[in-house]
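Data first, discussion second: the structure below is written as structure tokens.
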Amino acid sequence: MDRLKVPPIDFYQLKVSYQTLITEEHPNTSQKLADESIFTGADVTLIHKQDLAGKNLGHYLAETEMGEYISFRQWLYQIVKESFRTLVLENLKEHEVILKKIFERITLKDEMGNTRYDNRYDHDSIRSLIRRAFVPKRDFSVKEEIVPCEASLLQIERLVSPVFVQDDKPFFPSQEDVKTIVDWDANAQNKVLSPEELALIEKMKKMGYPMPEPTDPYPERGQTYHYLPYRFDSGLEREFFKDSVLPILKSYQSQLEIYFNGDDTLTDFKIDCYKQTGREWRYIGKYVPDFLLLKRNEDGSIHRIIIIETKGEGFAAKFADRRQFMETEFIHKNNDCFGYERFRFLYLEDTLTKEEREKKTIKAIKDFFNI
């Protein structure tokens with residue numbers, strides 16, 4: 001991280017909050033309880049009758065007028081219980097006369113004189129309307145904020161080293177390769193020959209002696225590996241990075257960099273995602289992008305970033321809402337705030353062939369970075 005000097009990612013995050021608004025000064029309970037609309041009718045059950053041959057013999061309404069046994073006191077207790085402590089029995093007793101009239105209208109007496117629910121009414125709805133009559137009307141306002149954020153791609157204090165594992169397949173590069181890369185990171189200057197040594201080599205070459213020159217076995221280390229090794233969650237991530245991205249980067253040496261961001265225990269670059277239905281925003285969780293492909297300004301600051309997500313077909317449906325949020329809200333809002341196209345989102349699914357994924361990646365690089 002220090003060698004590559006990867007700066008924090010500056011971005012804007014959507015924050016949604018709700019504020020409850022009381023639109024009535026008083027609940028006007030008596031008026032609401034006296035309203036005829038409180039007597040909500042139940043859905044009608046229509047029974048169709050036919051013979052074994054399927055011939056229609058007619059239809060009739062189900063006779064379910066008599067419901068469960070209920071007393072006035074039990075009914076009041078049920079209203080209180082369903083209020084989740086927003087009402088107490090004393091609240092109802094203040095309006096006992098009108099509540100008694102409602103109860104008598106929505107119940108029946110059987111032949112034994114017992115009181116039972118009249119199933120021609122929707123009792124759940126009626127009890128709900130009664131509870132609402134005791135509180136002032138409320139509405140809510142939605143507050144959307146675009147908040148500037150800064151996130152590091154590596155929380156070094158969370159990095160455990162060494163890592164002991166039984167299965168090293170998710171990791172890349174291999175342990176031996178990591179040792180070589182770390183050695184070159186630490187001693188690259190010692191592997192570069194002085195002018196005197198270079199002159200001596202040229203002299204030896206002219207004399208006909210073969211002279212091997214030290215070459216960097218991992219030149220991509222200047223464009224990736226902000227920590228080592230990367231631990232990938234899927235074979236698709238590993239294959240894309242190892243077999244597609246690294247070869248592509250060789251064509252853009254010193255222009256582009258790519259960093260794996262998919263380990264949510266190490267990165268702080270996580271995006272809050274929402275799904276909008278009407279005027280309501282529903283929080284659907286955090287999204288941790290797989291890869292960040294970036295280009296810097298001359299001063300080393302980040303200029304543009306392609307957020308790359310690789311996804312197996314079996315996980316595509318679950319990711320659909322987050323994908324829509326990224327492709328619309330996040331990208332648009334961030335680019336608007338920065339005043340230029342700073343972010344782009346590239347979605348690659350395993351339903352595409354390796355060659356098709358590479359073509360989409362190269363096209364995005366050429367279009368977005370203008371190189």
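The residues of the chain are indexed from 1 along the displayed sequence. These numbers come from a predicted model, not from an experiment.
In this structure, the side chain of Arg221 does not engage the main chain of Val182 through any donor-acceptor pair within 3.5 Å. Formation of a donor-acceptor pair under 3.5 Å by the Arg116 side chain with backbone atoms of Gly67 is found in this model. The backbone N or O of Ala133 sits less than 3.5 Å from a side-chain atom of Thr29, completing a donor-acceptor pair. Remark: side-chain polar atoms of Gln13 are paired, donor with acceptor, to backbone N or O of Asp272 under 3.5 angstrom. Of the possible polar contacts, none joining the Asn261 side chain to the Leu292 backbone as a donor-acceptor pair under 3.5 Å is found. Here the side chain of Asp122 pairs no donor or acceptor atom with the backbone of Gly41 at under 3.5 angstrom. A donor-acceptor pair under 3.5 Å is formed between the side chain of Thr361 and the backbone N or O of Arg357. In this structure, His123 contributes its side chain and Asp118 its backbone to a donor-acceptor pair below 3.5 Å. In this structure, the side chain of Ser301 does not engage the main chain of Asn297 through any donor-acceptor pair within 3.5 Å. Although no hydrogens or angles enter the test, the distance criterion places a donor-acceptor pair under 3.5 Å between the side chain of Gln223 and the main chain of Leu256.
Transitive grouping of hydrophobic side chains (ILVMFWY, heavy atoms separated by less than 4.5 Å) brings Ile306 and Ile9 into a common cluster. In the hydrophobic cluster analysis, where Ile, Leu, Val, Met, Phe, Trp and Tyr join through side-chain heavy atoms closer than 4.5 angstrom, Ile302 is grouped together with Tyr252. The hydrophobic cluster containing Met326 also contains Phe240, counting ILVMFWY residues as joined when their side-chain heavy atoms lie under 4.5 angstrom apart, directly or transitively. Linking Ile, Leu, Val, Met, Phe, Trp and Tyr residues whenever their side-chain heavy atoms come within less than 4.5 Å leaves Val80 and Val97 in two separate clusters. Residue Phe269 is grouped with residue Ile146 when hydrophobic side chains (ILVMFWY) are merged at heavy-atom distances under 4.5 angstrom, including chains of intermediate members.
The shortest side-chain heavy-atom distance between Arg282 and Thr277 does not fall under the 4.5 Å cut-off. Between Arg342 and Asn334 the shortest side-chain heavy-atom distance does not fall below 4.5 Å. With a 4.5 Å cut-off on side-chain heavy atoms, Lys32 and Arg132 do not count as touching. Using a 4.5 Å cut-off on side-chain heavy atoms (C-beta onward), Glu237 and Tyr230 make no contact. Tyr225 is listed as a side-chain neighbour of Phe172, based on a closest heavy-atom distance under 4.5 Å. Here the side chains of Tyr259 and Leu154 are not in contact, with every heavy-atom distance at 4.5 Å or above. Contact check for Tyr69 versus Gln74: no side-chain heavy atoms found under the 4.5 Å cut-off. Side-chain contact between Phe103 and Thr115 is present, with heavy atoms from C-beta onward closer than 4.5 Å.
A donor and an acceptor atom, one from each side chain of Ser244 and Glu358, are located under 3.5 Å apart. For the 3.5 Å distance criterion, the side chains of Tyr274 and Gln276 fail to qualify, holding no donor opposite an acceptor.
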Subject >> Test salt bridge (charged side-chain N to carboxylate O under 4.0 Å, His left out) applied to Glu309 and Arg323, step by step >> reply: CA-CA 9 Å; Glu309 180 65 24; Arg323 178 183 177 183; over 6 Å; no

**OP:** Decide side chain to side chain contact (heavy atoms under 4.5 Å, CB included) for Leu266 and His226; before the verdict, give the C-alpha distance in whole Å, the side-chain angles of both, and the deciding distance to 0.1 Å.
**Re:** CA-CA 11 Å; Leu266 296 178; His226 59 311; over 6 Å; no

Subject >> side chain to side chain contact (heavy atoms under 4.5 Å, CB included) between Phe291 and Leu348, intermediate numbers included >> reply: CA-CA 11 Å; Phe291 300 97; Leu348 301 171; over 6 Å; no

**OP:** Please assess Phe241 against Phe260 for the test ring-ring contact (aromatic ring centres under 6.0 Å, His included), listing each intermediate value before the final yes or no.
**Re:** CA-CA 9 Å; Phe241 180 79; Phe260 178 64; 7.7 Å; no

Original post:
Does the pair Ile308 and Leu346 meet the rule for a side chain to side chain contact (heavy atoms under 4.5 Å, CB included), with working shown?
Top reply: CA-CA 5 Å; Ile308 303 177; Leu346 178 61; 4.2 Å; yes

**OP:** Report the C-alpha distance between Asp233 and Arg231 in whole Å, list the side-chain angles of each, state the deciding distance to 0.1 Å, and finish with yes or no for salt bridge (charged side-chain N to carboxylate O under 4.0 Å, His left out).
**Re:** CA-CA 7 Å; Asp233 294 327; Arg231 184 188 186 283; 3.7 Å; yes

Original post:
Checking salt bridge (charged side-chain N to carboxylate O under 4.0 Å, His left out) for the pair Lys311/Asp350: CA distance, chi angles, key distance, verdict?
Top reply: CA-CA 6 Å; Lys311 191 66 65 179; Asp350 65 357; over 6 Å; no

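What you find for Lys169 and Arg238 is that their closest heavy atoms are O-NE, 2.9 Å. Pairing each heavy atom of Ile271 with each of Pro289, the nearest pair is CD1-CG, 4.2 Å. Summarising the geometry of Pro27 relative to Pro136, their closest heavy-atom pair is CB-N, 3.8 Å, with the distance given to 0.1 Å. Between Asp264 and Lys270, the closest heavy-atom pair is O-NZ, 2.9 Å. Of all heavy-atom pairs between Pro173 and Pro229, the closest is O-CB, 3.6 Å. Between Pro247 and Asp243, the shortest heavy-atom distance links the atoms CG-O, 3.4 Å.
Figure legend: cation-pi geometry between Lys295 and Phe369 absent, as NZ or CZ is not positioned both under 6.0 Å from the six-membered ring centre and within 45° of its axis. For the pair Lys100 and Phe72, the distance from NZ or CZ to the six-membered ring centre is under 6.0 Å and the angle to the ring normal is within 45 degrees.
The residues Glu176 and Lys179 are annotated as salt-bridged, a charged nitrogen and a carboxylate oxygen being separated by less than 4.0 angstrom. The pair Glu239-Lys354 does not meet the salt-bridge criterion, since no charged nitrogen lies less than 4.0 angstrom from a carboxylate oxygen. Here Lys360 does not pair with Glu356 in a salt bridge; the nearest charged N to carboxylate O distance is not below 4.0 Å.
For Gln175, the CD atom counts as loosely surrounded, since its 6.0 Å shell holds 12 or fewer non-hydrogen atoms of other residues, nucleotides or ligands. Atom CZ of Phe84 has 12 or fewer heavy atoms from other residues, nucleotides or ligands within 6.0 Å. The environment of Phe338 atom CZ is dense: over 12 non-hydrogen atoms of other residues, nucleotides or ligands sit within 6.0 angstrom. Residue-environment remark: CD (Gln255) exceeds the threshold of 12 foreign heavy atoms within 6.0 Å. At most 12 non-hydrogen atoms from other residues, nucleotides or ligands lie less than 6.0 angstrom from CZ of Arg85. Atom NZ of Lys286 is surrounded by more than 12 heavy atoms from other residues, nucleotides or ligands within 6.0 Å. When the shell of 6.0 Å around CD of Glu68 is examined, it contains 12 or fewer heavy atoms from other residues, nucleotides or ligands.
Contacts of Glu111 classified as salt bridge (charged side-chain N to carboxylate O under 4.0 Å, His left out), with partners at least two apart in sequence or in another chain: none. Annotation: salt bridge (charged side-chain N to carboxylate O under 4.0 Å, His left out) contacts of Glu341 (sequence neighbours excluded): Arg344. Taking the salt bridge (charged side-chain N to carboxylate O under 4.0 Å, His left out) definition, one finds that Arg304 meets it with nothing, sequence neighbours left out.
Annotation: Tyr287 is not in aromatic contact with Phe325 [ring centroid separation under 6.0 Å not met]. Taking the six-membered ring for Trp and the full ring otherwise, Phe345 and Phe330 have centroids separated by 6.0 Å or more.
Each of Ile102, Ile126, Thr107, Ile38 was compared with Tyr121 under the side-chain contact (heavy atoms from CB on, under 4.5 Å) criterion, and only Ile126 meets it.
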